[in-house]
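Take a look at the structure below.
Count residues from 1 along the sequence.
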Amino acid sequence: MITIDELANKIDGSIEGSNQDSIVGIGDLRTAPKNFVSFLSDDRYYKYFKESLSDTIIVKKDFSENRFNKTLIRVDNPVYAYIQAIEFFNKTVNFEPKIHKTAIISSKAKIADNVYIGPYTVIEDGVEIGDSTFIGASCYISKNVIIGNKVYIKSSVSIHDSTCIGNQVVLESGVVIGTNGFGLTFHNGENHVIPHLGKVIIKDKVWVGANCAIDRGTINNTVIGEGTKMDNLIQIAHNVEIGKHCVIAGQSAIAGSTKIGNYVTIAGQVGVIGHLTIGDKCTIASKSQVTKSLTKGSFVSGIPARDHKKNLKLNALFNKLDSIINKLKEKRQ
């Protein structure tokens with residue numbers, strides 16, 4: 001339980017209304033009870049704000065609708081403030097440091113303090129695991145893998161030789177990192193697999209969603225930049241380099257040796273072919289196929305991907321083709 005004043009100070013918010021009550025939890029606008037705090041970041045959910053039982057709600061600084069006698073905490077970014085509030089309510093470490101008796105750990109591995117290693121996990125020679133790291137059940141960590149501090153690795157994750165993982169990284173269940181990339185050469189009537197000797201380097205605060213696959217480089221490394229967040233079911237091919245704080249949605253695939261800049265947004269089911277350069281702050285709309293490099297700040301969509309506004313115009317013209325053809329036929333008659 002905390003006071004409204006304490007919460008407002010934590011999230012750098014200003015209070016409008018009563019600050020006398022205490023808050024016992026955090027909830028959704030539609031389901032939170034009276035003494036829980038919730039948030040409103042999108043005007044489309046204002047109807048739930050009116051009906052919410054919660055008396056304390058985090059809103060934008062410029063929120064100007066009727067507050068219905070609720071206490072408002074005004075902030076710059078309600079979603080980020082909500083994250084801070086959750087962290088405030090969950091200060092305690094969420095696992096007990098221990099190594100399960102069924103875990104198989106090489107005597108040549110280095111395990112720091114306050115680490116949890118779950119049942120049936122295998123850790124091979126030369127592995128280094130940092131402080132306050134959690135490794136779930138049935139994981140496989142191959143030789144010479146380096147894992148930083150406060151890393152959270154969920155169940156059934158496979159991390160292959162010489163992968164380097166930074167601090168505060170989250171790997172969801174089913175992630176596979178560092179397997180051979182899809183590099184082939186055709187010779188004497190058959191395809192030959194090219195050996196991959198590079199690494200995968202995952203920098204600090206990266207989040208990799210469930211069942212993603214990140215291939216190791218051929219000679220150079222595959223790199224995922226600091227703060228990048230990846231949804232489920234994403235394929236990152238060999239030698240791909242992804243910059244800082246990118247966001248990649250589910251079922252997207254990036255082919256080999258493509259370089260992605262910083263602060264790039266890639267929506268769901270996007271395909272990016274190999275050996276391209278995607279500039280900083282680009283946005284790629286869902287179901288797009290990127291076949292050419294993109295300059296900084298581009299917003300593209302479609303197959304093949306082109307400037308989004310141009311693509312909308314082309315789609316509008318395409319939808320009018322039937323009527324255009326019919327008019328031409330009428331003129332000929």
Pairing of D42 and R44 as salt bridge, 4.0 angstrom limit:
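Looking at R44 together with D42, the answer is yes, because their closest N to O distance falls below 4.0 Å.
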
Calculate, to the nearest 0.5 Å, the distance between atoms [atom1] and [atom2] belonging to [X] and [Y] respectively.
{"X": "I117", "Y": "I135", "atom1": "CD1", "atom2": "CD1", "answer": "5.0 Å"}
{"X": "I123", "Y": "I129", "atom1": "CD1", "atom2": "CD1", "answer": "3.5 Å"}
{"X": "L7", "Y": "T56", "atom1": "CG", "atom2": "OG1", "answer": "8.5 Å"}
{"X": "E241", "Y": "I201", "atom1": "CD", "atom2": "CD1", "answer": "9.5 Å"}

For residues [X] and [Y], is any side-chain donor paired with an opposing acceptor at under 3.5 Å?
{"X": "S301", "Y": "N311", "value": "yes"}
{"X": "S18", "Y": "T71", "value": "no"}
{"X": "Q84", "Y": "D12", "value": "no"}

Heavy-atom side-chain contact between [X] and [Y] under 4.5 Å:
{"X": "P97", "Y": "V115", "value": "no"}
{"X": "T121", "Y": "I104", "value": "no"}
{"X": "Q235", "Y": "D215", "value": "yes"}
{"X": "N211", "Y": "V176", "value": "no"}

Neighbour count >12 (heavy atoms, 6.0 Å) for atom [atom1], [X]:
{"X": "Y45", "atom1": "OH", "answer": "no"}
{"X": "F186", "atom1": "CZ", "answer": "yes"}
{"X": "K203", "atom1": "NZ", "answer": "no"}
{"X": "D43", "atom1": "CG", "answer": "no"}
{"X": "N326", "atom1": "CG", "answer": "yes"}
{"X": "K205", "atom1": "NZ", "answer": "no"}
{"X": "I219", "atom1": "CD1", "answer": "no"}
{"X": "F68", "atom1": "CZ", "answer": "yes"}

In terms of ring plane angle, is the pair F63 and Y46 parallel, tilted or perpendicular, where the classes change at 30° and 60°?
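The arrangement is tilted - the two ring planes meet at 30° to 60°.
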
With a 4.5 Å cut-off on side-chain heavy-atom distances among I, L, V, M, F, W and Y, is there a chain of contacts connecting I105 to Y116?
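Hydrophobic grouping puts I105 apart from Y116.
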
Can you hop from F39 to F89 via hydrophobic side chains spaced under 4.5 Å?
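Yes, F39 connects to F89 through the hydrophobic network.
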
Give me each pair satisfying side-chain hydrogen bond (donor to acceptor under 3.5 Å, both in side chains) with a member in residues 248-276, each pair once, sequence neighbours excluded.
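As it turns out, the side-chain hydrogen bond (donor to acceptor under 3.5 Å, both in side chains) pairs with a partner in residues 248-276, which skip direct neighbours, are Q251-Q269, Q269-K287.
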
Tell me, with the steps shown, if S298 and D307 meet side chain to side chain donor-acceptor pair (under 3.5 Å).
CA-CA 7 Å; S298 297; D307 177 78; over 6 Å; no

Heavy atoms only: give me the nearest [X]-[Y] pair and the separation to one decimal.
{"X": "R216", "Y": "H238", "result": "O-CB, 3.1 Å"}
{"X": "C246", "Y": "G261", "result": "SG-O, 3.0 Å"}
{"X": "A237", "Y": "A255", "result": "CB-C, 3.7 Å"}
{"X": "C282", "Y": "G297", "result": "SG-N, 3.9 Å"}
{"X": "G178", "Y": "T163", "result": "CA-OG1, 4.2 Å"}
{"X": "S38", "Y": "S54", "result": "N-OG, 3.8 Å"}

Given I4, which of D55, I23, N9 fulfils the side-chain contact (heavy atoms from CB on, under 4.5 Å) condition?
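By the side-chain contact (heavy atoms from CB on, under 4.5 Å) criterion, I4 pairs with just one of D55, I23, N9: I23.
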
Out of the candidates I303, L276, I266, only one should pair with V290 under the side-chain contact (heavy atoms from CB on, under 4.5 Å) rule; please name it.
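Testing each of I303, L276, I266 against V290, the sole residue satisfying side-chain contact (heavy atoms from CB on, under 4.5 Å) is L276.
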
List for me each residue that meets side-chain contact (heavy atoms from CB on, under 4.5 Å) alongside [X], sequence neighbours excluded, and say none if there are none.
{"X": "Y120", "result": "T102, S138"}
{"X": "D76", "result": "K61"}
{"X": "A137", "result": "P119"}

Given side chain to side chain donor-acceptor pair (under 3.5 Å), test T218 with H196 step by step and report yes or no.
CA-CA 4 Å; T218 45; H196 284 59; 5.4 Å; no

Is there a ring pair (Phe, Tyr, Trp, His ring centres under 6.0 Å) between H160 and Y140? Walk through the geometry before answering.
CA-CA 8 Å; H160 293 266; Y140 169 69; 5.7 Å; yes

Got a sec, which pairs hit salt bridge (Lys or Arg N to Asp or Glu O under 4.0 Å) with one end in residues 150-172, sequence neighbours left out?
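Applying salt bridge (Lys or Arg N to Asp or Glu O under 4.0 Å) to every pair that reaches into residues 150-172, excluding sequence neighbours, yields K154-E172.
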
I need the full list of salt bridge (Lys or Arg N to Asp or Glu O under 4.0 Å) pairs touching residues 119-131, with sequence neighbours left out, sorted by first then second residue.
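Sorted pair list comes back empty.
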
Under the criterion side chain to side chain contact (heavy atoms under 4.5 Å, CB included), I'd like the reasoning laid out for T277 against L294: C-alpha separation, chi angles, the key distance, then a yes or no.
CA-CA 6 Å; T277 299; L294 302 177; over 6 Å; no

After noting the C-alpha distance and the side-chain angles of N144 and V127, does the key distance pass the side chain to side chain contact (heavy atoms under 4.5 Å, CB included) rule?
CA-CA 5 Å; N144 303 316; V127 171; over 6 Å; no

